[in-house]
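Some notes on the structure that comes next.
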Amino acid sequence: MNKILSLLCLCCLTFFSACNSGSNTMKISSALNADSLIKNIKVLSADDFEGRMPFTNGEVKTVAFLQEQFKAVGLEPGNGNSYLQDVPLVNILATAEKTMTVESKKGKFQLNSYDDYIIWTDKTDENISLDKNELIFAGYGVVAPEHNWNDYEGLDVKGKVVLVMVNDPGFWVDDSTLFKGNEMTYYGRWTYKFEEAARQGAKGCLIIHNTRAASYPFLVQQNSFNTSRLNLDKRDSKIPNADVIGWVPEHIANKLFEVAGYDSTLLVKANKPGFKAVPLGLKLSTKMKVQSTYNKSYNVMGKITGSKYPDEVIIYTAHWDHLGIGNPDETGDKIHNGALDNATGTAALIELARAFKAMNSKPERTIVLLAVTAEEQGLLGSQYYAENPVYPAHKTLANINIDGLNQFEPTKDMIIIGEGQSDLEELLKSVLENKGRTIAFDEHKEAGYYYRSDHFNFAKIGIPALYTETGIDVIGKGKEYGKKLQKTYTDNHYHRPSDEFDAATWTMNGGMQDLQALFEVGQKIANSKEWPKWHDGSEFKAIRSASK
Ligand SMILES: [Zn+2]
């Protein structure tokens with residue numbers, strides 16, 4: 001980093017008056033306060049917040065802290081006269097046996113849990129087991145009529161376990177002619193694989209892990225093994241679940257293929273249109289003990305009522321939760337502090353509130369700051385909000401979601417996840433261009449990031465949603481350096497106990513700059529005649545039209 005440039009940027013952000021002529025902007029910019037942002041990130045990611053897992057003491061502390069902060073910056077309660085929205089959940093702790101027995105024609109052998117596979121369940125039955133259930137390799141486990149693809153064609157998987165590949169057909173062999181090429185569709189997501197297997201009546205579903213196709217190492221899955229998982233409490237729901245769901249690393253899948261008399265070329269053949277599922281002649285047996293606890297968690301919400309159109313809202317979201325206490329890492333640390341993910345975004349909501357309150361004149365539309373729960377457990381808090389919106393979807397102009405703020409030095413670019421979706425892209429672009437900055441797009445479209453944070457639940461009910469990530473073009477150091485920084489985080493700290501605040505390197509200068517841009521986008525929407533719209537071709541456009 002160029003030292004002089006770095007100082008200038010810090011200067012601009014802290015004492016913006018020196019760099020900007022608009023008096024309103026001047027006041028606003030000084031209201032976004034780097035010191036309090038950092039202070040609040042430290043509070044939220046401290047060990048005594050225990051990794052902010054719902055249903056724990058860490059949740060109690062986090063929810064109390066956020067309510068306190070929302071009140072202190074002058075936000076009105078966001079849900080009637082309350083700052084809270086109840087989110088009914090069930091906590092499912094499935095404890096798997098140490099081994100799984102595999103029977104083939106040649107004999108039996110055992111796989112070891114954690115190392116060779118990880119499994120869990122979304123069911124609340126006390127005992128879940130596989131008892132010599134047949135294993136079928138079902139390619140990508142996808143049924144997509146619009147892509148002429150059906151891995152379950154003519155297949156009866158009732159009482160059977162399907163073994164499927166993560167990501168979209170074509171991905172493992174770089175065939176970009178299939179599906180959306182390198183860009184992951186919802187069919188590529190692991191959640192989809194389990195949902196489809198359950199719809200087909202399968203007893204179980206195991207996904208073959210490959211770091212490139214999944215976009216994260218198997219260790220991320222291992223870290224969640226035999227730990228509790230949350231779901232929305234849907235005791236009355238008719239949506240089916242498979243009994244046993246989980247992952248196996250690719251080398252174990254290949255071992256299973258070999259025992260069954262096949263080999264790893266099955267993973268290639270599965271990319272051919274018309275591929276037919278392969279019964280492997282293997283039988284699986286294992287058990288899980290399940291404990292279910294029904295409880296509720298909370299979304300925390302505050303608002304600033306708009307001066308002109310009080311019933312029209314812009315919603316900023318950030319998930320306050322993280323992974324709690326898990327398996328110890330190599331240093332013995334068990335607390336998943338989640339400093340970046342997502343103490344930064346949560347603390348950012350407080351700064352946004354402060355900035356909107358500090359505007360010379362109130363925003364014309366209502367600004368809602370919504371800290372959602374249980375994102376890490378499958379976007380549950382935002383799903384609950386989307387299914388039970390406090391502000392009607394058709395009166396909600398936009399969602400702006402923050403899931404991680406740039407903890408390091410400023411970048412020239414900001415990355416938009418979900419290219420070409422809505423007018424929010426042009427809005428951010430114009431805000432950034434005024435500052436000599438640019439938008440860029442996600443280079444990892446194969447990772448399906450558009451389906452991996454809370455904005456997705458807003459998009460699903462038709463609300464244009466903006467989700468950005470830290471840019472890679474680090475000022476003075478360039479893109480290669482920026483990419484390396486991000487890779488270092490993903491490889492070493494993402495969803496690990498070491499996602500901690502680091503006073504030596506976390507200047508938050510970049511985050512402050514990005515936050516300023518997101519603030520201005522919201523401010524423009526709040527005071528504009530135009531409502532942001534989905535672009536033609538977006539899968540969410542029709543939902544928006546229907547919700548009016
Ligand atoms: Zn996150």
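One-based numbering along the sequence shown. Just so you know, ligand 1 is whichever comes first in the structure, and atom 1 is the first atom listed for that ligand.
Evaluation of the side chain to side chain donor-acceptor pair (under 3.5 Å) test over residues 323-332, restricted to residues two or more places apart or in two chains, returns D329-T331. Counting only residues at least two apart or in different chains, ring pair (Phe, Tyr, Trp, His ring centres under 6.0 Å) contacts with residues 39-68 are absent.
Aromatic ring pairs are classed by plane angle as parallel below 30°, tilted from 30° to 60° and perpendicular above 60°; the pair Y83 and F70 is tilted.
Scanning for salt bridge (Lys or Arg N to Asp or Glu O under 4.0 Å) contacts around K39 gives an empty result, with sequence neighbours left out.
Distances shorter than 2.8 Å separate the Zn ion (ligand 1) from the protein N/O/S atoms H319 NE2, D341 OD1, D403 OD1, D403 OD2.
Between K429 and E426 there is no salt bridge, since no side-chain N of the basic residue sits under 4.0 Å from a carboxylate O of the acidic one.
Close placement of the F519 and F356 rings is indicated, their centers lying within 6.0 Å of each other.
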